[in-house]
Protein chains: 2
Amino acid sequence: MRLNATSHDTIEAMPLASRRAADMVVAALEARIASGELHDGSFLPAERELMDEFGVSRTVAREAVARLAGRGLVEARPRFRPVVRRPGYDTALSALSGIVGQLMGQTGTVKNLYDTRVFLEAALVRHAALHARKDDIGVLRAALEANEAAIPDSARFYATDMAFHATLYELPRNPVMPAIHRAFTGWLRPHWERMPRAPERNRVNYLSHREIYQSILDRDPDGAERALNGHLAAAWEYVRGTFDPA
Amino acid sequence: MRLNATSHDTIEAMPLASRRAADMVVAALEARIASGELHDGSFLPAERELMDEFGVSRTVAREAVARLAGRGLVEARPRFRPVVRRPGYDTALSALSGIVGQLMGQTGTVKNLYDTRVFLEAALVRHAALHARKDDIGVLRAALEANEAAIPDSARFYATDMAFHATLYELPRNPVMPAIHRAFTGWLRPHWERMPRAPERNRVNYLSHREIYQSILDRDPDGAERALNGHLAAAWEYVRGTFDPA
DNA sequence: AATCGCATTTGGTATGACCAGAATAAAGGA
DNA sequence: TCCTTTATTCTGGTCATACCAAATGCGATT
């Protein structure tokens, strides 16, 4: 049941699937990045150096660099020396952005992604209500107050809104969570930015945030989950018309 | 044919981003895939056709195809005509496999990913306990029975174990969830396969599954979550030694 | 020391060629 | 007629070379 037919992952013992010359170069550079020999921020060897060093043509050297860039291991802007980027959860998730953009064109994708986000975030508020520590509460409270202060300014409200939710993703202290949040918001942002904004709407959202916060403070996971679900369901109803004319 | 002319006012908004010739070809092919003109399974035009059609060199045509392949929109095996693949959630997640493989080399990554899985799966069993329908229960029960029958055969037990958990991901009827499950299992499989297996261990796991199932049947979300957490925590303790000598 | 200007470096693109595996058509045998 | 074998064509993979334009580096100028 292998649905991942993409060549990499294994350095050796690949039947006859792929035998590209660039594989060697890619593997070698990967190893250097993993070992720290090529630390984050340093420049990748120039293409003409790579061909000397590995005895390959520039075609192959270029392809190797391009593949590393596709994986996010190096940042290759046109006419700039490629910069090594130590992979993080964010770079991993950002590798999805392109393909997700394609998925967005299919009906139901936005809803599916949003539902997934709601599902995860419901679990997060529940977790917060059960396990939030005193300093966690403080951070949450600060985010809430910033959100309240930004009610008149829709642009700033959007930022503080995201920050409040981001705090929930940081509570479990698992770096994967914030990365997922950033990925979600990045994907859904285009749709959300199309949503008309108004201070009265901001106030409603703020009140939802406060309700969530209060439930967490009360150590009431069910209440927090209920509040979160209501909050995001309302937001969905508010934006669904902006892209789904049905 | 030189088309760089530098005076094209078509796209001037990108100050430092990218102005590669392959972008045009990539965009055009993306559009054809999205529109269905290039349906899933069909062949991409040959490189030499692309150069004729878009008036670019084979270098550029090749790079365009390579980039589509990197995004998972086409499946390009060496010396085979590239096959168009309509993007799905699985292809999206599989785009992560490479970069996640790199992340696995860093300490703590496996634990972080596993914790994320546990977190999500706990929410899933809770959801199942609250919203599973009669036919859902039936599927779950069938998976459980298959799991029990496979206790003596560790290989088969592994498969039915995964299938049981997969059922949980299918319950919300959100296609993103099963894709996430497949991604997680794909990433963690190498570590799990290293774990020694034995019928007695299988039996313990089966009992955990049954406990989860029973809690779902009893509409007891807290019990289901507790059982799931215990189950996966035990599994973690059992395998952590296989890669983390600490 | 700050600035300007030119030579160098470096990535992007274009050509043309050749190879090897794969697909297809042609030839041959059952 | 059908299947197997063989020759031809296709197609992607790689190499070599050359030129362009942007970015960089360095020395001369102010």
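Remember, predicted model here, so these are calculated numbers, not experimental data. Reminder, nothing fancy here: chain letters follow the sequence lines and each chain counts from 1. Note: hydrogens, waters and symmetry copies are ignored here, and every other heavy atom, side chains too, is used.
Checking D/dC15, D/dT11, C/dT13 against every side-chain atom of B/Ala21, the shortest atom distance belongs to C/dT13. Listed nucleotides C/dA14, D/dT14, C/dG12 differ in distance to A/Glu63; the shortest reach to its side chain belongs to D/dT14. Of all nucleotides listed (C/dT13, C/dA14, D/dT11), D/dT11 comes nearest to the side chain of B/Glu49.
Within the 4.5 Å cutoff, the side chain of B/Trp236 has no heavy atoms near those of the B/Asp115 side chain. The closest side-chain heavy-atom distance from B/Arg67 to B/Arg20 is below 4.5 Å. A 4.5 Å side-chain heavy-atom check between A/Asn205 and A/Phe157 finds at least one atom pair inside the cut-off. For the pair A/Phe43/A/Leu38, no side-chain contact is recorded, criterion being any heavy-atom separation below 4.5 Å from C-beta on. For the pair B/Val74/B/Leu29, no side-chain contact is recorded, criterion being any heavy-atom separation below 4.5 Å from C-beta on.
One distance of note links OH of A/Tyr89 with CZ of A/Arg182; it measures 12.0 Å at 0.5 Å rounding.
Here D/dC10 presents its C1' atom at 14 Å from CG of B/Leu50, a figure rounded to the nearest Å. For the pair B/Phe54 CZ and C/dT13 P, the interatomic distance rounds to 15 Å; values are reported in whole Å. As a whole-Å value, the separation of A/Asp23 CG from D/dG13 C1' is 12 Å. In this structure, B/Glu47 atom CD and D/dT14 atom C1' are separated by 12 Å, rounded to whole Å. Note: CE (A/Met24) to P (D/dT14) measures 10 Å, nearest angstrom.
Under 4.0 angstrom from either OP1 or OP2 of C/dA14 there lies at least one side-chain N or O belonging to B/Ser57. For A/Arg81 and D/dA23, the shortest distance from a side-chain N or O to OP1 or OP2 is not below 4.0 Å.
Taking a cutoff of 4.0 Å between a charged side-chain nitrogen and a carboxylate oxygen, B/Arg85 and B/Asp90 do not qualify as a salt bridge. Salt bridge annotation for A/Asp52-A/Arg48: absent, with no cationic side-chain nitrogen under 4.0 angstrom from a carboxylate oxygen.
Toward the 5' end of DNA chain D, the nearer of the two residues B/Ala46 and A/Val60, judged by each one's closest nucleotide, is B/Ala46.
Below the 3.5 angstrom threshold, one finds a donor paired with an acceptor across the side chain of B/Arg58 and the base of D/dG13.
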Grab the N/O contacts between the protein and nucleotides 6-8 of chain C below 3.5 Å, and write none if there aren't any.
none

Pairs under 3.5 Å (N/O, protein and nucleotides 19-23 of chain C):
none

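With 3.5 Å as the limit, one finds a donor-acceptor pair spanning the side chains of A/His165 and A/Asp161.
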